[in-house]
Amino acid sequence: MTVVVRTITRILFPIALVFGGYVIMHGHLTPGGGFQGGAVAASALAMVVVAFGAKSLSGKKGLLSALESLGGVAFAALGFLGLGVTFFANVLAGSGGLFGNPVPYGPNPGDLNTAGTLPLMNWAVGFKVLAGLGAVVLLFALFGGEHDR
Amino acid sequence: MKWLAIASFCVAAGFLIFGAVALRPFGAPTLKEMDDYFNRFSQPEVAANNAVTAIVFDYRGYDTLGEATVLFTAVTGVALILRRTKK
């Protein structure tokens, strides 16, 4: 791609990653969540693939695979964490510890340290979606077309 | 064969017409007990302001687990089809 696209990608890449992390981190307070934030962060990877070519990211396939597996395992493990009550029981909510602040009923300004296992699950799913969509875009760009790489 | 086709068409069309006639008036809620429960208890129980996230990750965690599995399967299929093959 041209130098204009490459420069704008250099500027927008960290902004897109940070905004994806913001959407994931505030998933239990504002609209959004793991899937949406992961898709936003994966769009940064897609932007790099478009601007710099797939060869620039072809060494990162192992990292993406590890992130995808880590996210899936962390999500299932957080589900097993509540096995004393039921599968996916939210044991951390309202416990006073990590992410354990109580939330009153009704409109309130929102507290990041609430919702129990939900933020952790959001991060797990976010990494999973980031790695999954990034790997799909990268594989399409690497092996999809023979003539327009 | 022709009469079977006509009969099945009439049954399906009658079912659809009955469903259209039996609809509630526009805007009237149909089953709102579960909505009321989520509205009332998603904040005190799950301690999340975002009720959608509370439903997706807590009340229906199985659904999200299946969604993650679907994503994993999609990535696996893409990686399986688009791979370097020796010629």
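The sequence lines fix the lettering, A, B, ..., with proteins before strands; numbering per chain opens at 1.
Of all the heavy atoms in A:Ala135 and B:Val75, the pair that sits closest is CB-CG1, 4.3 Å.
Proximity to chain A at a heavy-atom threshold of 4.5 Å picks out B:Phe57, B:Asp58, B:Gly61, B:Tyr62, B:Thr64, B:Leu65, B:Glu67, B:Ala68 from residues 55-68 of chain B, in numerical order.
Under the 4.5 Å side-chain contact rule for hydrophobic residues, A:Val137 and A:Leu139 share a cluster. With hydrophobic clusters built from ILVMFWY side chains whose heavy atoms lie under 4.5 angstrom apart, A:Leu120 does not share a cluster with A:Val23. Connection of A:Val73 to A:Val125 is not established within any shared hydrophobic cluster, with ILVMFWY side chains joined at heavy-atom distances below 4.5 Å, either directly or through further cluster members. Both B:Phe38 and B:Val52 belong to a single network of hydrophobic side chains, linked directly or stepwise wherever heavy atoms of I, L, V, M, F, W or Y lie under 4.5 Å apart. Following chains of ILVMFWY side-chain contacts shorter than 4.5 Å, one can reach A:Phe52 starting from A:Leu142, so the two form part of one hydrophobic cluster.
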Show the numbers, then the answer: is there a side-chain contact (heavy atoms from CB on, under 4.5 Å) between A:Asn122 and B:Thr53?
CA-CA 9 Å; A:Asn122 268 325; B:Thr53 304; 3.8 Å; yes

Between A:His28 and B:Asn49, is a side-chain contact (heavy atoms from CB on, under 4.5 Å) present by the stated rule, with each step listed?
CA-CA 6 Å; A:His28 56 294; B:Asn49 275 351; over 6 Å; no

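When the shell of 6.0 Å around CZ of A:Phe19 is examined, it contains 12 or fewer heavy atoms from other residues, nucleotides or ligands.
With contacts defined as side-chain heavy-atom distances shorter than 4.5 Å, the pair A:Val129/B:Leu71 qualifies.
Contacts of A:Pro31 with chain B are made by backbone atoms alone, with heavy-atom separations under 4.5 Å and no side-chain atom involved. Only the backbone of A:Thr30 comes within contact range of chain B, with heavy atoms under 4.5 Å apart.
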